[in-house]
Protein chains: 2
Amino acid sequence: MKIIREINKMKTYARIMRKENKLIGFVPTMGYFHEGHLGLIKTARKQSDIVITSIFVNPIQFGPKEDFKKYPHDTKRDEELAKTCGVDVIFYPRKKDMYPDGFSTYVNVEGLTGNLCGKSRPSHFRGVTTVVMKLFEIIKPDIAYFGQKDAQQVFVIKKMVEDLNMDITMKIMPIAREEDGLAMSSRNVYLTKDERKDATLLCKALKMAEELINCGERNPKKIIKRMRNLILESQSARIDYISIVDTKSLKEVDTLRDEVLIALAAFIGKTRLIDNAILNVKETEKAYECEKSQKR
Amino acid sequence: MKIIREINKMKTYARIMRKENKLIGFVPTMGYFHEGHLGLIKTARKQSDIVITSIFVNPIQFGPKEDFKKYPHDTKRDEELAKTCGVDVIFYPRKKDMYPDGFSTYVNVEGLTGNLCGKSRPSHFRGVTTVVMKLFEIIKPDIAYFGQKDAQQVFVIKKMVEDLNMDITMKIMPIAREEDGLAMSSRNVYLTKDERKDATLLCKALKMAEELINCGERNPKKIIKRMRNLILESQSARIDYISIVDTKSLKEVDTLRDEVLIALAAFIGKTRLIDNAILNVKETEKAYECEKSQKR
């Protein structure tokens with residue numbers, strides 16, 4: 001496994017691989033790997049000739065009061081895990097090379113970035129799309145792998161790739177979860193023991209929402225209220241948002257039809273966690289049967 | 001010479017050329033060719049294996065009160081000229097394919113786009129960088145050719161390419177001028193006979209500025225005042241701006257050192273024209289001699 005830190009060396013390596021007609025799979029990360037990352041890497045390993053993963057804690061996607069400086073890292077462990085999963089190259093660009101003095105070009109997907117996480121993190125997605133564009137230009141992968149855990153990020157990057165005519169196939173992998181359902185996240189390490197227990201309320205709330213929808217509930221407000229109440233059973237929880245949005249526009253829906261994203265963000269103690277579920281409401285036809293039997 | 005209108009066909013053609021190790025030279029234009037465009041194409045012809053030129057009047061770089069709808073065009077003439085100059089492909093993308101419903105991703109070079117033309121055309125450069133990014137992603141050229149006539153555009157696109165780590169060599173060609181010095185522009189066709197005469201004041205003002213600098217003048221305000229007075233000798237002229245800026249930051253300079261861009265925009269009648277000169281002040285050492293001899 002190669003470790004590359006220089007942007008130009010990374011470009012050269014990727015260029016040579018392209019010349020040799022190798023299919024390049026790319027997994028951009030901020031490191032501190034968990035099963036979610038490894039799932040992306042393993043899938044890339046199966047589908048590509050060359051697997052490149054980048055580890056870069058991207059300063060421009062963090063707000064001034066966010067956890068950029070304390071973002072967890074364990075380089076040695078990441079490298080061992082990457083090697084075990086068959087990564088060919090870890091790309092660790094340096095902050096000063098990615099954002100030299102005078103850096104001033106930003107890519108922004110307008111429209112999809114104003115709500116959900118974009119509301120409380122106003123420049124977050126601009127930071128994400130900008131760094132992903134840079135990494136895409138450096139590596140020029142054939143396939144890029146992202147986790148559904150960061151659902152809005154996935155929709156935003158997909159939109160960028162489509163709008164800017166980029167030749168990159170996006171593969172989205174399902175959310176990796178702990179045994180008790182908590183969505184895996186590098187930030188889970190911030191949680192105290194009690195908070196760790198409370199954090200499971202997030203996935204429980206999503207599970208409940210799915211059940212309500214399966215049982216015929218089509219009113220997003222009612223669903224969100226039930227979710228909110230469930231999460232607030234924990235005294236350490238503070239909800240940032242719970243939204244049910246259309247997966248195309250990421251705009252809130254009045255009534256549930258077609259495909260929706262149920263997304264939430266909440267602080268458990270000082271740690272901001274996100275989780276989500278994508279549901280095709282049309283496919284829950286049986287729901288009405290269920291509802292009828294409940295009413296009987 | 002091929003004519004391609006479909007984005008996917010253009011991508012496929014360029015991909016095949018890349019596979020065959022052809023060096024792709026690209027000249028993005030809005031059509032209505034003059035010697036400036038043809039100069040870019042001829043240089044591309046000499047330096048590249050494949051010459052692609054795009055003709056696309058890009059709606060998102062025009063303001064609401066600007067000349068998008070009446071922008072001059074002469075497809076047949078452009079095609080003949082392109083053929084004569086050895087173009088391999090004219091790419092005419094369709095507006096609805098470039099900007100389908102819901103298009104919402106923009107590339108913006110902050111900092112360099114707030115002054116000069118950016119002041120009176122606030123969303124112009126965002127439109128330029130976005131369309132150029134799209135064209136670059138579709139064609140993936142090795143070399144892209146631009147004219148110094150649109151100096152701020154050139155600096156902005158160069159900055160985008162650098163900041164986003166794009167593998168494209170930018171070649172900038174000098175301003176093509178009519179015999180009397182007027183910078184060639186597709187918009188010159190809008191000028192009446194009298195306006196056409198008055199329009200030469202723009203290049204005369206630049207010429208005068210150069211002479212003043214060569215003679216030791218280092219105060220930009222004095223130079224700009226003299227230029228302003230010269231241009232306003234014409235009653236049909238209305239100045240948008242005259243600025244002397246540093247070529248790195250595009251910020252106005254207090255005193256002339258190093259390399260400066262002298263840029264101006266003015267309406268002659270209803271037609272907005274731009275012109276500029278890039279000058280290395282250090283290289284005008286003789287200036288002091290000249291100044292001394294004048295004072296004697």
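In the text below, chain A, chain B and the rest are named by the order of the sequence lines, each starting its count at 1.
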Query - For chain A, which residues of residues 251-261 of chain B have heavy atoms nearer than 4.5 angstrom - result: none
Query raised in the report: Listed by residue number, which members of residues 146-165 of chain A have a heavy atom under 4.5 Å from any heavy atom of chain B?
Result: A:Lys159, A:Met160, A:Asp163, A:Leu164, A:Asn165
**Report entry** Closest non-hydrogen atom pair, B:Tyr92 against B:Glu79
**Finding:** OH-OE2, 2.7 Å
Query raised in the report: Between B:Met17 and B:Asp88, is any pair of side-chain heavy atoms under 4.5 Å apart?
Result: no
Requested in this report: State whether the side chain of B:Arg218 and the backbone N or O of B:Ile213 hold a donor-acceptor pair below 3.5 Å, judged by distance alone.
Outcome: yes
Query raised in the report: What residues of residues 112-122 of chain A sit under 4.5 Å from chain B when you count only heavy atoms?
Result: none
Report task. Anything under 30° is parallel, anything over 60° is perpendicular, the rest tilted; go ahead and classify A:His37 against A:Phe33. Result -> tilted
Requested in this report: Any pair with a residue in residues 49-59 of chain B that passes side chain to side chain donor-acceptor pair (under 3.5 Å), sequence neighbours left out, goes on the list, sorted by first then second residue, please.
Outcome: B:Asn58-B:Gln61, B:Asn58-B:Tyr99
Query - Most chain B-contacting option - heavy-atom pairs closer than 4.5 Å, from A:Asn8, A:Thr130, A:Thr129, A:Asp167 - result: A:Asp167
Query raised in the report: So B:Phe91 and B:Phe26, side chain to side chain contact (heavy atoms under 4.5 Å, CB included) or not? Walk me through it.
Result: CA-CA 10 Å; B:Phe91 177 45; B:Phe26 174 48; 5.7 Å; no
Report summary line: The reported gap from CD1 in B:Ile4 to CD1 in B:Ile138 (rounded to nearest 0.5 angstrom) is 11.0 Å
Requested in this report: Report the option among B:Gly102, B:Pro100, B:Ser104 that has the most heavy-atom pairs separated by less than 4.5 Å from atoms of chain A.
Outcome: B:Ser104
Report task. Could you look at A:Lys248 and say if it's the side chain, the backbone, both or neither that has a heavy atom under 4.5 Å from chain B? Result -> neither
**Report entry** Under 3.5 Å donor-acceptor, B:Lys95 side chain and B:Pro59 backbone
**Finding:** no
**Report entry** Shortest non-hydrogen contact from A:Pro93 toward A:Phe56
**Finding:** O-CD1, 3.5 Å
Requested in this report: Report yes or no: does A:Asn108 contribute a side-chain atom to a donor-acceptor pair with the main-chain N or O of A:Glu110 at less than 3.5 Å?
Outcome: no
